[in-house]
Amino acid sequence: RMVQVVVVTDDADVDMSNLRQHIKRRGGTIDATMPGLRMLTATMPARAAKRLAERDDVKYVAPNRPTRRTASTLEAITGATASPVRTSSTKTSYSGPDGTGIGIAIVDSGVMKNHRAFDNGSAVTRVKKNVQFLTTNLADWTNGYDDATSLQPGSAALASYEAAIDNSANLVQDGYGHGTHVASIAAGRPKSYATAPDLTGMAPNANIYDVKVLNDYGFGTLSDTLEGIQWVIYHAKEYNIRVMNISLAMDSTDSWQYDPLC
């Protein structure tokens with residue numbers, strides 16, 4: 001019986017000459033080579049595949065499995081398209097619960113509010129706020145606030161603070177792209193992009209709150225991140241923010257029991 005396999009090698013020879021000769025000597029043929037990946041595809045007798053896998057220069061042998069187009073992987077994996085949730089979902093429409101009225105805070109590099117993935121059914125953006133906390137960089141502490149300031153609801157101090165962190169007027173809220181990517185996973189709505197599969201996010205009608213704590217290179221500081229989290233907590237009830245996504249991390253020598261970000 002003949003089988004077709006994909007072979008992964010760590011051979012320093014990009015042509016994989018010895019490996020190819022081994023396959024041919026055992027009645028196999030080389031169907032395709034991918035030297036940049038150190039892989040090749042071969043058809044060979046099934047009984048010879050085990051001997052091939054035992055070679056020192058072979059890392060792995062896999063069947064040449066079929067691939068196929070996907071619908072919304074996110075929806076399927078998470079169960080969002082299960083019958084109790086959304087009973088149908090296509091590139092242009094869906095039915096069932098979709099996060100309407102729920103706020104999702106994306107603590108990241110920003111969210112491009114004009115991206116069509118964040119429109120609602122009336123082509124109005126669902127990004128309700130763009131705020132940024134890139135004020136406490138390690139070399140500049142000149143933008144601090146009086147530590148005696150109490151940001152009471154309705155106070156002038158709160159209004160001044162909110163004005164200082166407002167990022168909605170910036171033409172580019174996310175110069176890095178990661179936060180926009182994360183937001184699309186959480187609440188993207190693909191509209192009618194006919195050439196793409198269904199890329200509907202988890203909650204395609206939820207409101208999005210952009211909390212920018214990483215710069216346009218994907219870096220930030222611990223303090224800025226914590227200040228962004230504090231903003232989400234402060235406004236959670238007001239904006240019905242029920243989910244906060246923090247897809248970032250840092251190196252630390254502190255125990256998780258004491259580390260501020262943990």
Please determine whether the number of non-hydrogen atoms from other residues, nucleotides or ligands lying under 6.0 Å from atom NZ of Lys113 exceeds 12. yes
Thr9 and Asp57: side-chain donor and acceptor closer than 3.5 Å? no
Using 0.5 Å steps for rounding, measure from the OH atom of Tyr209 to the CG atom of Asn240. 8.0 Å
Whether Arg126 side chain and Ala117 backbone form a donor-acceptor pair below 3.5 Å: yes
Using the side chain to side chain contact (heavy atoms under 4.5 Å, CB included) rule, take Arg38 and Val14 through it: C-alpha gap first, then chi angles, then the decisive distance, then the call. CA-CA 7 Å; Arg38 295 297 195 275; Val14 295; 3.2 Å; yes
Residues clustered with Val85, ILVMFWY side-chain links under 4.5 angstrom: none
Is the closest side-chain donor-acceptor distance between Asp166 and Ser168 under 3.5 Å? yes
By the definition side chain to side chain contact (heavy atoms under 4.5 Å, CB included), identify the one residue from Arg55, Glu54, Arg47 that meets it with Arg51. Glu54
Are Val232 and Leu214 connected in the hydrophobic side-chain network, where two residues link if heavy atoms are under 4.5 Å apart? yes
Polar contact flag, side-chain donor to acceptor under 3.5 angstrom, Asn130-Asn167: no
Only distances under 3.5 Å count here; give the side-chain donor-acceptor pairs of residues 252-262 to other protein atoms, sequence neighbours excluded, each with its distance to 0.1 Å.
unit_1	atom_1	unit_2	atom_2	d
Ser252	OG	Asp254	N	3.0
Ser252	OG	Asp259	OD2	2.7
Ser255	OG	Gln257	N	3.0
Asp259	OD1	Leu261	N	2.9
Asp259	OD1	Cys262	N	2.9

Could you tell me the separation between the OG1 atom of Thr221 and the CG atom of Leu134, rounded to the nearest 0.5 Å? 8.0 Å
Answer yes if Ile233 and Leu248 sit in the same cluster of Ile, Leu, Val, Met, Phe, Trp and Tyr residues linked by side chain heavy atoms under 4.5 Å apart, and no otherwise. yes
Once rounded to the nearest 0.5 Å, what's the spacing between atom OG of Ser223 and atom CD of Gln230? 11.5 Å
Looking only at heavy atoms, the pair that brings Pro45 and Gly28 closest together is CD-N, 4.2 Å
Which atom of Asp174 lies closest to which atom of Asp216, heavy atoms considered: C-OD1, 4.3 Å
Min side-chain heavy-atom separation Val107-Trp231 under 4.5 Å: no
Looking only at non-hydrogen atoms, find the nearest pair between Gly99 and Ala203 and report the distance. CA-CB, 4.0 Å
Min side-chain heavy-atom separation Phe118-Ser184 under 4.5 Å: yes
How are the rings of Tyr239 and His235 set relative to one another: parallel (under 30°), tilted (30 to 60°) or perpendicular (over 60°)? parallel
Reported CD1-to-CZ distance for the pair Ile229 and Phe133, which is rounded to 0.5 angstrom: 10.5 Å
Scanning both residues in full, the closest heavy-atom pair of Tyr60 with Ala62 reads CE2-CB, 3.8 Å
Mind checking whether Asn205 and Asn120 have side chains closer than 4.5 Å, heavy atoms only? yes
Qualifying residue, where the test is side chain to side chain contact (heavy atoms under 4.5 Å, CB included) with Val111 and the options are Val182, Asp210, Val211: Asp210
Heavy atoms only: give me the nearest Thr43-Asp31 pair and the separation to one decimal. OG1-OD2, 2.6 Å
Side chains of Pro153 and Glu238: does their closest heavy-atom pair fall under 4.5 Å? no
Residues which pass side-chain contact (heavy atoms from CB on, under 4.5 Å) with Asp56, listed by chain and number, not counting sequence neighbours: none
Apart from Met44 itself, its cluster of hydrophobic side chains linked below 4.5 Å comprises Val3, Val5, Val7, Met16, Leu19, Ile23, Ile30, Leu40, Leu52, Val58, Val61
Working note: Thr41 + Met34, criterion side chain to side chain contact (heavy atoms under 4.5 Å, CB included); need CA distance, chi angles, decisive distance, verdict. CA-CA 8 Å; Thr41 303; Met34 291 74 76; 3.7 Å; yes
Separation of Lys212 NZ from Tyr176 OH (nearest 0.5 Å): 11.0 Å
With sequence neighbours excluded, what pairs up with Val243 under the side-chain contact (heavy atoms from CB on, under 4.5 Å) test? Ile104
Could you tell me whether the side chain of Asn215 and the main chain of Tyr217 form a donor-acceptor pair under 3.5 Å? yes
Say whether Val131 and Val213 are linked into one hydrophobic cluster, either directly or through other cluster members, by side-chain heavy-atom distances under 4.5 angstrom. yes
Can you name the nearest heavy-atom pair linking Met112 to Leu171, along with the distance? CE-O, 3.7 Å
Reported CD1-to-CD1 distance for the pair Ile102 and Ile208, which is rounded to 0.5 angstrom: 13.5 Å
What residues, two or more places apart in sequence or in another chain, satisfy ring pair (Phe, Tyr, Trp, His ring centres under 6.0 Å) together with His22? none
Would you kindly confirm whether Leu222 and Phe219 end up in one hydrophobic cluster when ILVMFWY residues are joined by side chain heavy atoms under 4.5 Å apart? no
Can a donor-acceptor pair be found, under 3.5 Å and without considering hydrogens, that links the side chain of Arg189 to the backbone of Asp119? no
For Val127, does its backbone N or O pair with a side-chain atom of Thr125 as donor and acceptor, under 3.5 Å? yes
